[in-house]
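Take a look at the structure below.
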Number of protein chains: 2
Amino acid sequence: MAAAIGKSLRELAIQLSLLNHQIGARLELQDVDIDCLDLIDRLGPLSPSGLARQAGLHPATITGILDRLESGGWVVRERDQSDRRAVLVRAQRDRYPDLMRLYAGMNRSMNEIYAGYEESELEVIADFLQRTANAGRGATDALSDNR
Amino acid sequence: MAAAIGKSLRELAIQLSLLNHQIGARLELQDVDIDCLDLIDRLGPLSPSGLARQAGLHPATITGILDRLESGGWVVRERDQSDRRAVLVRAQRDRYPDLMRLYAGMNRSMNEIYAGYEESELEVIADFLQRTANAGRGATDALSDNR
DNA sequence: GCCATATAATACGATACCCGTACAATATGT
DNA sequence: ACATATTGTACGGGTATCGTATTATATGGC
């Protein structure tokens, strides 16, 4: 059973990655841009260097990514009040509908899937996904730390 | 609860994507290369054009990806017997240990997670993941079809 | 307060990637 | 048999990523 989950998980990973790619193409963004936008949205306003650490990318690469995201109106760069060298990147919520429209098909399918489960089962699933995401973060950090 | 799952799912997607990136970097491969290798392994020997369709990429892009995968010994290109224009790409299983070693950390964490669930719960989870992967494929296809 | 050092973000240039087009080889249909 | 379609790849252009250098600001020692 563990093997079946592993298999589905890998399959899920690649499918979500391909979906990400398609959505990125529609918005004239790279897939990594969408990833970064998600990180910015989730981890709140943060600095380019902080984002670089989270995404495991070179700071100079982040500059290019932010240029694209900013010129598309997805984020804004603000001066940090307390440290005038620093920049705070903030997601522009009013741009969200454009993203959600592209996720609409996926969301609809997911709602149908949710409908087929008991609340208690959904709880188990949510917990599992959270644990798995944390495991992914741990494994990623371990790889990037050990050089 | 559905919202919690959606949140965790997005988080999981990005974490797995970042893990993919780290692993790709260790193997001197692009992230998309790993995705393609996975597709080749899962969908069996298939043609470059078939792979291009599955991955939503331009055929010429696939050529470059296969060049990298082949020079690294991850896949081989074989002539198709029945159609001499065509090529069959086959994954090289003897290269798998090198991949698994990089996934070792993630696999260990996953095994710990599995251990915390009943068999019946794992069944629910496996089923959910499979459905979600299918939903992802459907949503991706819908986006790439509609232009 | 002053100066050396550290840190943040980005500009710039080199390398590599992705894709549109062209092309050679082979298959298919009339 | 010959026109057309299809497969895979070579080639060139535009662009992304990253290493390094640079500018601006912060921090710590004296």
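Reminder, nothing fancy here: chain letters follow the sequence lines and each chain counts from 1.
- Annotation: side chain of Leu99(A) is in contact with side chain of Leu27(A) (closest heavy-atom distance under 4.5 Å).
- Residues His21(A) and Asp35(B) have side chains not in contact (no heavy-atom distance under 4.5 Å, counting atoms from C-beta outward).
- Using bins of under 30°, 30° to 60° and over 60° for the plane-to-plane angle, the ring pair Phe128(B)/Tyr117(A) lands in the perpendicular bin.
- Residue pairs meeting the side chain to side chain donor-acceptor pair (under 3.5 Å) criterion with at least one member in residues 37-60 of chain A, sequence neighbours excluded: Asp38(A)-Arg42(A), Asp41(A)-Arg93(A), Asp41(A)-Tyr96(A), Ser47(A)-Ser49(A).
- Of the candidates dT17(D), dT7(D), dG8(D), the closest approach to any side-chain atom of Arg85(B) belongs to dT7(D).
- Comparing Arg53(B) and Ala60(B) by the nucleotide of DNA chain D that holds the closest heavy atom to each, the one mapping nearer the 5' end is Arg53(B).
- Residue Arg77(B) places at least one side-chain N or O closer than 4.0 Å to OP1 or OP2 of dT9(D).
- With rounding to whole Å, His58(B) atom NE2 is found 14 Å from dG13(D) atom C1'.
- Between Arg84(A) and dT25(D) there is a side-chain N or O to OP1 or OP2 distance below 4.0 Å.
- In this structure, CG of Asp67(B) is placed 10 Å from C1' of dA10(D), rounded to the nearest angstrom.
- Among the protein residues, Arg79(A) comes within range of no part of the nucleic acid, since none of its heavy atoms lies under 4.0 Å from any strand.
- Summarising the geometry, the separation between CG on Asp83(B) and C1' on dA5(D) is reported as 12 Å, rounded to the nearest angstrom.
- In this structure, CD1 of Ile65(B) is placed 15 Å from P of dA10(D), rounded to the nearest angstrom.
- Using a 4.0 Å heavy-atom cutoff across all strands shown, Ala86(B) reaches sugar-phosphate atoms only and no base atom.
- Between the CG atom of Asp33(A) and the C1' atom of dT17(D) there is a distance of 12 Å, rounded to whole Å.
- Bounding nucleotides for the chain B contact on DNA chain C, 5' to 3', at a heavy-atom distance below 4.0 Å, are dC17(C) to dA27(C).
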Run the side chain to side chain contact (heavy atoms under 4.5 Å, CB included) check on Arg26(B) and Ile23(B) step by step: do they pass?
CA-CA 5 Å; Arg26(B) 297 303 185 90; Ile23(B) 289 178; 5.7 Å; no
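- Residue Leu69(A) contributes atom CG, which lies 12 Å from atom P of dA16(D) at whole-angstrom precision.
- One interatomic measurement links the two molecules: CD of Glu28(A) to P of dG14(D), which rounds to 17 Å at whole-angstrom precision.
- Using a 4.0 Å heavy-atom distance criterion, Thr61(B) is classed as a base contact.
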Assess whether side-chain hydrogen bond (donor to acceptor under 3.5 Å, both in side chains) is satisfied between Asn134(A) and Arg131(A), documenting all intermediate values.
CA-CA 5 Å; Asn134(A) 289 339; Arg131(A) 286 172 198 264; over 6 Å; no
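- The CG atom of Leu46(B) sits 13 Å away from the P atom of dT7(D) (whole-angstrom rounding).
- If Gln30(B) and Gln81(B) are placed on DNA chain C by their nearest nucleotide, the residue sitting closer to the 5' end is Gln30(B).
- Backbone-only contact: Leu57(B) has heavy atoms under 4.0 Å from sugar-phosphate atoms and none from a base.
- With rounding to the nearest 0.5 angstrom, the CD atom of Glu121(A) is 9.5 Å from the CD atom of Glu121(B).
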